[in-house]
J.: 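One structure follows; several queries about it will come next.
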Amino acid sequence: MLHKPPTPPLSYNHLSLGSLKLNQNQRGKVVPLPSIAMIAIFLLLTIFLHLFTTTTALGVNYGMAADNLPSPSVVANFIKTQTIFDSVKMFDANPEVLRAFANTGISVTVTVGNGDIPALTNTVAARRWVAQYISPFYPQTKIKYICAGSEVLFSNITGWINNLVPAMRSLHYALVKAGIQDIKVTTSHALNIFRRETLPSLTRFMVGYDLSFFAPILQFHRRTKSPFMVNPYPYFSPDLLRRLNYALFKPNRGVYDKYTGKTYTNMFDALMDSTYSAMKALGYGDVEIVIGETGWPAQGDSSSPFATMDNAISYNGHVIKEILSGKGTPLMPNRSLETYMFALFNENQKPGPLAEKYWGLFKPDLSPIYNVGLLRHGQSVPTPTNPSPSTPAPSGKSYCVPKKDATYAQLQSNLDYACGKGIDCTPIQPGGLCYEPNTIQSHAAFAMNSYYRTKGQSYLSCDFAGTGQINSVDPSYMNCHYL
């Protein structure tokens with residue numbers, strides 16, 4: 001995917017005594033040797049403490065869309081006493097959960113619902129929100145971030161997108177007014193935010209959003225010293241069949257970036273360096289990056305042939321090992337990336353494909369679903385296994401189809417939009433090979449897939465305001481053949 005090698009981000013490893021400046025009273029004088037020695041000792045201690053406190057930066061997403069989960073207090077005690085997680089990320093600001101994590105030392109991220117973003121541009125509303133959801137629990141509960149919405153750009157809802165940065169500013173202002181200095185405001189981004197798939201060093205944010213959307217967000221992060229949060233999911237790669245080993249950290253040819261001389265042996269590193277390159281191109285390579293979500297489902301149906309236990313073990317095990325090693329990525333060496341695995345539990349009430357319910361790492365009885373070294377005593381990351389021979393053989397192509405919970409109105413809108421963009425919709429007109437069955441579901445599926453194929457099969461071209469999904473099962477039937 002890649003250009004001129006980005007300058008490595010400043011780290012403590014680059015500090016030297018030669019960079020220390022003398023104050024006015026010291027200029028022209030010889031600094032006594034003990035002073036230099038004390039400075040050196042102080043710097044070494046600082047480096048040691050920094051590395052010691054940032055190496056283990058592993059958290060977990062705590063979703064609760066299930067009817068069989070233990071109570072928040074039980075979960076909080078389990079995370080604190082039995083796991084290596086040092087932080088959790090919630091998808092709301094549930095008071096019961098916030099109370100449960102009080103005095104545990106576990107860092108907590110709370111999330112503002114996307115639908116609340118427009119109202120929170122008002123500073124009065126933002127201060128009221130902080131007074132209701134933050135102040136009663138802080139500092140007993142170690143709240144670290146407020147996530148203003150989740151993957152807002154992916155929603156394609158203008159009111160949320162245009163109001164995101166103003167809402168983030170209002171929430172920051174509300175925290176300052178409440179006397180809270182150490183809670184940072186951020187927002188998470190799906191990684192369908194780039195112009196096109198290319199080498200990591202050449203990756204740039206989408207035209208039309210780079211300067212109007214991402215630059216103001218990154219400017220806010222720099223000013224408030226808050227992180228840019230991304231959700232890298234190799235599982236959702238549109239050509240996963242061809243690059244499965246690359247996604248799973250298994251032996252593969254790798255991707256060579258001729259502009260940096262770096263070779264990428266896994267998709268996770270490539271996605272993170274793509275993010276860094278896009279940020280650096282806008283002049284914000286110094287802003288911290290946090291991984292808000294990443295993971296792999298362990299079970300699915302015929303529409304999710306790569307959602308298997310073996311694949312989940314391979315991906316999650318390697319990501320966890322890489323994060324805990326602190327080795328960073330080719331363009332961000334030795335950089336500790338704070339990461340939140342997705343997810344703590346399977347969630348049997350989540351809508352969508354079957355695989356959506358099986359991203360969990362632990363069962364409701366708190367035993368691990370598989371071993372990837374998350375318990376404090378005795379578990380290690382397993383050796384990667386080969387892809388399961390029982391994995392169904394997909395068609396070799398990818399297709400864009402509607403999600404099962406898409407409404408009639410949404411499907412009609414998708415149909416009108418796709419056909420209005422110049423794709424060939426004659427097969428779903430009366431007399432066409434795909435006219436029957438004459439249903440909005442069938443016609444919308446054909447139109448959405450045709451649009452997806454003509455637009456280069458990018459992840460974003462199957463978005464349709466969150467109602468489309470990519471899978472590898474050919475939906476063709478009888479004489480109706482999908483592109």
J.: Hey, what do you get for CG (Asn163) to CE (Met168), rounding to the nearest 0.5 Å?
T.: 13.0 Å

J.: Just by distance, do the side chain of Thr109 and the backbone of Lys89 share a donor-acceptor pair under 3.5 Å?
T.: no

J.: Indicate the atoms forming the closest heavy-atom contact of Ile291 with Pro232, along with that distance.
T.: CG2-CD, 3.5 Å

J.: Check the side chains of Asp273 and Thr275 for a donor-acceptor pair under 3.5 angstrom, ignoring hydrogens and angles.
T.: no

J.: According to the interplanar angle, ranging from 0 to 90°, do the rings of Phe236 and Tyr233 count as parallel (below 30°), tilted (30 to 60°) or perpendicular (above 60°)?
T.: perpendicular

J.: State, without any angle test, whether Gln469 and Tyr399 hold a side-chain donor-acceptor pair at a distance under 3.5 Å.
T.: no

J.: Assert yes or no for the condition that the ring centre distance of Phe154 to His189 is strictly below 6.0 Å.
T.: no

J.: To the nearest 0.5 Å, how far apart are NE2 in His318 and OG1 in Thr265?
T.: 9.0 Å

J.: Mark yes or no for whether Thr104, through its side chain, and Lys80, through its backbone, hold a donor-acceptor pair below 3.5 Å.
T.: no

J.: Donor-acceptor pair, Asn114 side chain versus Ser150 backbone, under 3.5 Å?
T.: yes

J.: Looking only at heavy atoms, which two atoms of Lys184 and Thr224 are closest? And how far apart?
T.: NZ-O, 3.2 Å

J.: Does one side chain, of Ser107 or Ser87, offer a donor that lies under 3.5 Å from an acceptor on the other?
T.: no

J.: Trp296 pairs by ring-ring contact (aromatic ring centres under 6.0 Å, His included) with which of Tyr370, Trp359, Tyr315?
T.: Tyr315

J.: Could you list the residues that satisfy side-chain hydrogen bond (donor to acceptor under 3.5 Å, both in side chains) with Asn68, not counting sequence neighbours?
T.: none

J.: I need the minimum non-hydrogen distance between Val290 and Tyr340, along with the two atoms involved.
T.: CG1-CE1, 4.0 Å

J.: Are there over 12 heavy-atom neighbours, none belonging to Phe342, within less than 6.0 Å of that residue's CZ?
T.: yes

J.: Taking Pro251's backbone N and O only, do any of them form a donor-acceptor pair with Asn245's side chain (distance below 3.5 Å, no angle check)?
T.: yes

J.: Counting distance only, does the side-chain N/O of Asn156 pair as donor-acceptor with the main-chain N or O of Thr158 below 3.5 Å?
T.: no

J.: Regarding Ser303 and Asp301, is there a side-chain donor-to-acceptor distance under 3.5 Å anywhere?
T.: yes

J.: Aromatic contact between Phe345 and Phe362, with the criterion being ring centroids under 6.0 Å apart: yes or no?
T.: no

J.: Using a 3.5 Å distance criterion without hydrogens, assess whether the side chain of Lys357 forms a donor-acceptor pair with backbone atoms of Lys350.
T.: yes

J.: For residues Trp160 and Ile117, report the shortest heavy-atom separation together with the two atoms involved.
T.: O-CG2, 3.8 Å

J.: Got a second to check how far Tyr246's OH is from Asn266's CG, nearest 0.5 Å?
T.: 6.5 Å

J.: Decide whether Asn311 and Ser314 meet the rule of one side-chain donor and one side-chain acceptor closer than 3.5 Å.
T.: no

J.: For Tyr452 and Ser398, does a side-chain donor sit closer than 3.5 Å to a side-chain acceptor?
T.: yes

J.: Taking Ala148's backbone N and O only, do any of them form a donor-acceptor pair with Thr187's side chain (distance below 3.5 Å, no angle check)?
T.: yes

J.: What are the two closest non-hydrogen atoms of Arg335 and Val287, and how far apart are they?
T.: NH2-O, 3.2 Å

J.: Looking at every non-hydrogen atom in both residues, tell me the closest pair between Phe194 and Ala278 and how far apart they are.
T.: CE2-CB, 3.9 Å

J.: Are Asp67 and Asn348 linked by a side-chain donor-acceptor pair shorter than 3.5 Å?
T.: yes

J.: Short question: side chain of Ser277, backbone of Ser274 - any donor-acceptor pair under 3.5 Å?
T.: no

J.: So, Gln140 side chain and Asn103 main chain: donor-acceptor pair closer than 3.5 Å or not?
T.: no

J.: Carefully, step by step, assess Leu337 and Thr329 under the rule side chain to side chain contact (heavy atoms under 4.5 Å, CB included).
T.: CA-CA 9 Å; Leu337 291 170; Thr329 66; 4.2 Å; yes

